[in-house]
Amino acid sequence: MTPSRAAKRLTIVIPALNEQDKIADTIDGVLPLARELFDDFEIFLIDDGSTDATGAIMDEFAAGEPRIIVHHNAEPRGVGAGFEYALSRAKFDAITLIPGDHAFQNEGIARMFKAAGAADLVITYRDNQSDRSVNRSLQSHSLRFILNCLFGFWLSDYHSMIVYPVKWLRQIAVKADGYGYQICALISLLQLGLTYVQVPVSLNAELRGSSRALRLRTYLELGGTILSLLRRVPIRNVNLRQIPADAERTPAR
């Protein structure tokens, strides 16, 4: 008798702040793929204090799909805070964050979904960053070079989409609410020795206008995250075999 494969399940987090023009395209891309490629899933839509119609659009999607949960923040709290909210309530063993600004092409999201379960971590890397603005591309390449030199993992990308293992992510303290959350979480898990695969994904064409990722506050957040990682002792003393699947989440602060 051929053994049955393990059920494939994923918790998906989609945060957005004032993305009324893009959030529907994001969800319309993710939802059919989740239905096709997973045995079960849940989607947390995080309205991070939007003042436009973003939250209302999210509520419309939730009305038609019971596996969608909408959380509205009264004021902006940051990408990391929204991810933490979903992580503390996730039903499944794996979790990922997909930006609500329709940044990634659906083909890449499908590639990431298909790779889920191939290793402890699925780390995607953006293969067409040169198509974006020079400043945005330079920022991403510089950040990757700095992190590779400082921590020695030599990844192709540190700030793309990632599929994380929920039970291990709940055991580490991530002291960042904004863009630095993902970097802190990823490096912490890599320091534990978790296995990973890298998967290419492509970015959609960037709309004209300024990007929130280029603001001074973002640079300061990322700098503070990197300094905190350098100042602490690397996480190497967690026995992964002793962490139960339903382990309670360790508070981040």
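Put simply, the residue from I68, I57, I69 that forms a side-chain contact (heavy atoms from CB on, under 4.5 Å) with L45 is I68. The one candidate from N106, D127, T124 that meets the side-chain hydrogen bond (donor to acceptor under 3.5 Å, both in side chains) condition with S202 is D127.
Using a 4.5 Å heavy-atom cutoff, the side chains of I27 and I43 are not in contact. Inter-residue side-chain proximity for Y181 and V79 is flagged as unmet; no heavy-atom pair is nearer than 4.5 Å. Between V166 and D93, every side-chain heavy-atom pair lies at or beyond the 4.5 Å cut-off. Contact check for R89 versus Y85: side-chain heavy atoms found under the 4.5 Å cut-off. Counting only heavy atoms from C-beta outward, the side chains of M58 and H71 never approach each other to under 4.5 Å. Counting only heavy atoms from C-beta outward, the side chains of L121 and L190 approach each other to under 4.5 Å. Annotation: side chain of I14 is in contact with side chain of I23 (closest heavy-atom distance under 4.5 Å). In this structure, K114 and V199 have side chains that are not in contact, with every pair of non-hydrogen atoms separated by 4.5 Å or more.
For Y164, the ring-ring contact (aromatic ring centres under 6.0 Å, His included) criterion is met by F83, not counting sequence neighbours. Every residue was checked against the ring-ring contact (aromatic ring centres under 6.0 Å, His included) condition with F41, not counting sequence neighbours, and none meets it. In terms of the side-chain contact (heavy atoms from CB on, under 4.5 Å) criterion, residue partners of D39 (sequence neighbours excluded) are, by chain and number, R5, A7, K8.
Judged by distance alone, with hydrogens and angles left aside, the side-chain atoms of T54 form a donor-acceptor pair with the main-chain N or O of Q20 at under 3.5 Å. Panel note: side chain R144, backbone S156; a donor-acceptor pair is recorded below 3.5 Å. When atom types are taken as modelled, the side chain of Q105 and the backbone of L203 share a donor-acceptor pair closer than 3.5 angstrom.
Both I95 and L194 are assigned to one and the same hydrophobic cluster, defined by single-linkage of ILVMFWY side chains at heavy-atom distances under 4.5 Å.
Taking a cutoff of 4.0 Å between a charged side-chain nitrogen and a carboxylate oxygen, R35 and E65 qualify as a salt bridge.
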